[in-house]
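Worksheet: one structure, shown below.
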Amino acid sequence: MSKDWKTRTQLVHTGSRRSQYGEMAEAIFLTQGFVYETAEAAEARFIKTGEDEFIYARYGNPTTRMFEERIAAIEGTEDAFATASGMAAVNAALTAMLRAGDHVVSSRALFGSCLYILEEVLRRYGVEVTFVDGTDLDRWRAAVRPGTKAVFFESISNPTLEIIDITAVSQIAHAAGALVIVDNVFATPVFSKAVSQGADVVVYSSTKHIDGQGRALGGVICGTREFIRKVAEPYLKHTGAAMSPFTAWIMLNGMATLDLRCNAMADSALTIARALQGDARLGRVIHPSLPDHPQHALAAEQMTRGGTMLAFDIAGGKEAAFRFLNALDIIKISNNLGDAKSIATHPATTTHQRLPDDQKELLGITSGLVRLSVGLEDAGDLIGDLMQALDHI
Ligand SMILES: *Cc1c(COP(=O)(O)O)cnc(C)c1O
């Protein structure tokens, strides 16, 4: 039945389990373990754990299971495994399937911690990683080879909002026998259906739009039942990155409004991008739905909306950008995104501080670049705040 439901119905109902009390809201099963009626029942469950049977919260929990089923349903994957953070999801998706001697190709424009896993962790354990300009399909073609086990990329890069062609990169990867793992955080599960475009595994930081209210860290890996249960679960249940039931309950509550929030935030993001475009105090204004975005057509093809993020260059570099940030009133200086509260970030000195200058230049992270995560406030109020702050640069 729930297979035919549209996204907004699934976001409210899919995965719900009710106890014998018939509670309306999803219950938080704050329990680490589960009681077996008999020793034989315990033995049987360790041999084969059935649907709605649980052993230990590190392996799974009824509240966490509700969240996993709900996100898998809207993502269009057979299964999902929830993790303690987005980074735990990225790390497990890669580490669980790779071994020494394997080769991975990754786009270069990555969230700092993703870069750390690929550049430091995987290499330390003997996995070879080739970084490419993810927007250049010839680079992907040249980099894959027999022995390439996975390709990894963020479908919209942080912070310069480059779009990677999921369909084309998936074709290149699959022809080489590699699995396609996509970090889809910026695109959101509402605007992007990465699996229908060829991705095999999709990971989210649910800390972002899924919670959407800046309360809890979380993550999730979505994929085939085979990948989730045979590859990811054995790794995760023994290494301990499980999502807590309380966090899963927060995420379930976030999901009920996910579609509404993402659409309202995307409306405002585009309105703000248009209001900023052409302002003499700014250089580039980057939003995938603006016609001058280098991959405007690809963005329109690959996503139903341009997303909730934008970026712009303040003329005058770091000093001017700091004066601008310090003058903001409604918009907060922080580094989360996808939150109900609008958030401005200066990537060069915070999220991407660690990158050497030549890498920053390569990725377009200039000293005047500001990233804006558009929240749920009134768009006119946000534009007013941005304009008065620009007067201070
Ligand atoms: C935030 C983020 C992560 C990491 O998620 P956490 O929940 O903070 O661990 C990974 N990838 C992208 C693109 C992100 O924005």
Side-chain angles (χ1 to χ4, degrees), residues 64 67 71 75 80-95 106-122 134 151-164 166 181-192 194 199 201-222 236 239-244 246-248 250-251 254-255 258 262 265 269 286 288 303 307-311 334-339 341 343-347 350-355 363 365 371-375:
T64 311
F67 168 63
I71 185 86
E75 197 57 36
F81 200 102
T83 55
S85 69
M87 285 324 305
V90 171
N91 181 61
L94 289 163
T95 314
S106 171
S107 73
R108 186 183 290 119
L110 294 179
F111 181 69
S113 301
C114 294
L115 192 63
Y116 178 83
I117 288 174
L118 285 142
E119 209 168 31
E120 305 280 334
V121 181
L122 292 183
V151 307
F152 179 80
F153 58 91
E154 294 172 12
S155 55
I156 308 185
S157 75
N158 172 26
T160 51
L161 311 180
E162 289 179 351
I163 316 282
I164 310 253
I166 298 174
I181 303 176
V182 178
D183 179 334
N184 217 24
V185 167
F186 276 51
T188 82
V190 171
F191 301 142
S192 165
V201 177
V202 180
V203 293
Y204 288 102
S205 161
S206 67
T207 315
K208 313 293 167 56
H209 301 82
I210 294 173
D211 171 8
Q213 283 140 95
R215 300 167 296 196
L217 277 177
V220 66
I221 306 172
C222 303
L236 278 159
T239 54
M243 176 181 276
S244 91
F246 184 70
T247 297
I250 290 172
M251 298 304 167
M255 285 186 90
L258 180 64
C262 285
M265 286 152 61
I286 310 170
M303 299 187 297
T308 67
M309 305 292 295
L310 58 130
S334 190
N335 38 260
N336 191 23
L337 60 100
D339 196 293
K341 299 179 177 74
I343 292 170
T345 312
H346 187 247
T350 60
T351 53
H352 293 71
Q353 189 187 93
R354 212 172 60 86
L355 283 185
L363 298 174
I365 303 168
R371 186 189 81 181
L372 183 65
S373 169
V374 177

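Both counts, for ligands and for their atoms, begin at 1 and track the order of listing.
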For [X], take its heavy atoms, then give the atoms of ligand 1 lying under 4.0 Å from any of them.
{"X": "Gly218", "value": "7 (O)"}
{"X": "Lys208", "value": "1 (C), 2 (C), 3 (C), 5 (O), 14 (C), 15 (O)"}
{"X": "Phe186", "value": "15 (O)"}
{"X": "Ser85", "value": "7 (O), 9 (O)"}
{"X": "Thr207", "value": "6 (P), 7 (O)"}

Quick one: does [X]'s side chain have a donor or acceptor within less than 3.5 Å of a partner on [Y]'s backbone?
{"X": "Asp339", "Y": "Gly214", "value": "yes"}
{"X": "Ser157", "Y": "Glu162", "value": "yes"}
{"X": "Ser107", "Y": "Phe153", "value": "no"}
{"X": "Ser373", "Y": "Gly338", "value": "yes"}
{"X": "Ser155", "Y": "Ile164", "value": "no"}

Please indicate whether any nitrogen or oxygen in [X] is less than 3.5 Å from any nitrogen or oxygen in ligand 1.
{"X": "Gly86", "value": "yes"}
{"X": "Met87", "value": "yes"}
{"X": "Ser205", "value": "yes"}

Option nearest atom 11 (N) of ligand 1 (shortest heavy-atom distance, choices Val220, Val185, Ile156, Asp183):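 It is Asp183 whose heavy atom sits nearest to atom 11 (N) of ligand 1.
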Side chains of Ser192 and Asn184, donor plus acceptor under 3.5 Å: yes
Close approach, Ser206 and ligand 1, non-hydrogen under 4.0 angstrom: no
Straight-line distance of Met265 CE to Leu337 CG, nearest 0.5 Å: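 It comes to 8.5 Å.
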